[in-house]
Amino acid sequence: MMRDAFATVHEIALDQFGYFTTEQAREAGVNPHAVLMMCRRGTIERVAQGLYRNPLVPASPLGPYMAASLWPHGARGVLSHQTALELLGISDADPGKIHLILPTTFRIRRATPGQYVIHHADLAPSDVTSVESIPVTTPARAIRDCHADHTSLALLHQAIEDGLESGRLSRRDAATLSQELFAGDSSERLAPADTSSSNDGRDG
């Protein structure tokens, strides 16, 4: 029985860089007590409340981002702001912390890890895409969120240019964003990208 439980969570973890939640295990037919027993035996590792990692799955640089999206325990986090720009590969964004959006009605009842910056918003399905199965905000949504979070206009200009060049932004969306964000700020728009101001500590 325990072997069957491990095989089940192993399959879940394979698609999530080694991570899975108690809720995902339960939905797949694994009793939470079985998850607890696997953890006590050292078969799996506890990362946070309700979040585990299977050490048999090779580590990946994207693992921490997947873990962040699964961490909230009761809601799925969507990677956002400069973290979304980083994962989407548009601009030289290097936020240092992982930004994620949770629903406005969702409240966290435990300490937030220092490496996370939590924002609250109700995202439409059209605001969300994915990178390697990790939910992230779309380029346009990420750029607008970064602008609201006072990210430098130079970095946002670079994000629009990179998004257009990579095909992640349509020409129409790029033009709309440029007009929306840079009207009257041509000197800022043409400045070199400044990634030294990442606004990591803002909770939005």
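All values below come from the heavy atoms of this structure, side chains included, with hydrogens, waters and symmetry mates left out. Residue indices begin at 1 and follow the sequence shown.
- Not a single side-chain hydrogen bond (donor to acceptor under 3.5 Å, both in side chains) links E165 to another residue, sequence neighbours left out.
- To the nearest 0.5 Å, atoms CG (L102) and CD1 (I118) are separated by 5.0 Å.
- S91 approaches D162 most closely through the heavy-atom pair N-OD2, 2.7 Å.
- The side-chain contact (heavy atoms from CB on, under 4.5 Å) check on P139 picks up L88, I90, R168, L169, with sequence neighbours excluded.
- Partners of R144 by side-chain hydrogen bond (donor to acceptor under 3.5 Å, both in side chains), not counting sequence neighbours, listed by chain and number: E180.
- Counted within 6.0 Å of CD on E27, heavy atoms from surrounding residues, nucleotides or ligands total more than 12; the atom is thus considered enclosed.
- Here H99 contributes atom NE2 and H119 contributes atom NE2; the two are 5.0 Å apart, rounded to the nearest 0.5 Å.
- For H157 and F182, the ring centers sit closer than 6.0 Å to each other.
- Take Y52 and apply the ring-ring contact (aromatic ring centres under 6.0 Å, His included) test, not counting sequence neighbours, and it matches F20.
- With sequence neighbours left out, T112 forms a side-chain hydrogen bond (donor to acceptor under 3.5 Å, both in side chains) with no residue at all.
- Of the N and O atoms on the side chains of Y65 and E86, at least one donor lies less than 3.5 Å from an acceptor on the other residue.
- Looking at residues two or more places apart in sequence or on another chain, you find no salt bridge (charged side-chain N to carboxylate O under 4.0 Å, His left out) involving E45.
- The heavy-atom pair separating I98 from A68 by the smallest distance is CG2-CB, 3.7 Å.
- H81 contributes atom NE2, which lies 10.0 Å from atom CG of L100 (distance to the nearest 0.5 angstrom).
- The shortest non-hydrogen separation linking Q82 to D94 is OE1-N, 4.0 Å.
- Residue V57 is found in a hydrophobic cluster whose other members, listed by chain and number, are L14; membership requires side-chain heavy atoms under 4.5 Å apart, directly or through intermediates.
- Minimum interatomic distance between S166 and G163 (heavy atoms only, all atoms of both residues): OG-O, 3.2 Å.
- Shown here are the side-chain contact (heavy atoms from CB on, under 4.5 Å) partners of S170, two or more places apart in sequence or in another chain: R172, D173.
- Not counting sequence neighbours, the partners of R26 by the salt bridge (charged side-chain N to carboxylate O under 4.0 Å, His left out) test are E23.
- To the nearest 0.5 Å, atom NE2 of residue H73 and atom CD of residue Q49 are 4.0 Å apart.
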Handout entry: Derivation of the side chain to side chain contact (heavy atoms under 4.5 Å, CB included) call for I143 and L181
Key = CA-CA 9 Å; I143 289 168; L181 305 184; 3.5 Å; yes
Practice task
Report the C-alpha distance between V136 and V128 in whole Å, list the side-chain angles of each, state the deciding distance to 0.1 Å, and finish with yes or no for side chain to side chain contact (heavy atoms under 4.5 Å, CB included).
Solution key: CA-CA 6 Å; V136 302; V128 182; over 6 Å; no
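- Applying the salt bridge (charged side-chain N to carboxylate O under 4.0 Å, His left out) test to D145 and every residue at least two apart in sequence or in another chain returns R141.
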Exercise for the section: Go through V30 and F6 one step at a time and tell me if the side chain to side chain contact (heavy atoms under 4.5 Å, CB included) criterion holds. Expected result: CA-CA 9 Å; V30 177; F6 177 76; over 6 Å; no
Practice task
May I have the step-by-step check of side chain to side chain contact (heavy atoms under 4.5 Å, CB included) for V9 and N54, ending in yes or no?
Solution key: CA-CA 8 Å; V9 299; N54 178 358; 5.7 Å; no
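- Remark: L177 CG to I160 CD1 distance equals 4.5 Å, nearest 0.5 Å.
- Separating the CG atom in L155 from the NE2 atom in H147 is a distance of 12.0 Å, to the nearest 0.5 Å.
- Without hydrogens or angle criteria, Q16 side chain to A13 main chain gives no donor-acceptor distance under 3.5 Å.
- For P72 against F106, the heavy-atom pair with the smallest separation is O-CZ, 3.4 Å.
- With sequence neighbours left out, the side-chain hydrogen bond (donor to acceptor under 3.5 Å, both in side chains) criterion links S60 to no other residue.
- A donor-acceptor contact under 3.5 angstrom links the side chains of D122 and T104, judged on distance only.
- Counting only residues at least two apart or in different chains, salt bridge (charged side-chain N to carboxylate O under 4.0 Å, His left out) contacts with residues 100-113 are absent.
- For the residue pair G63 and F17, the shortest heavy atom distance occurs at CA-CB, 3.9 Å.
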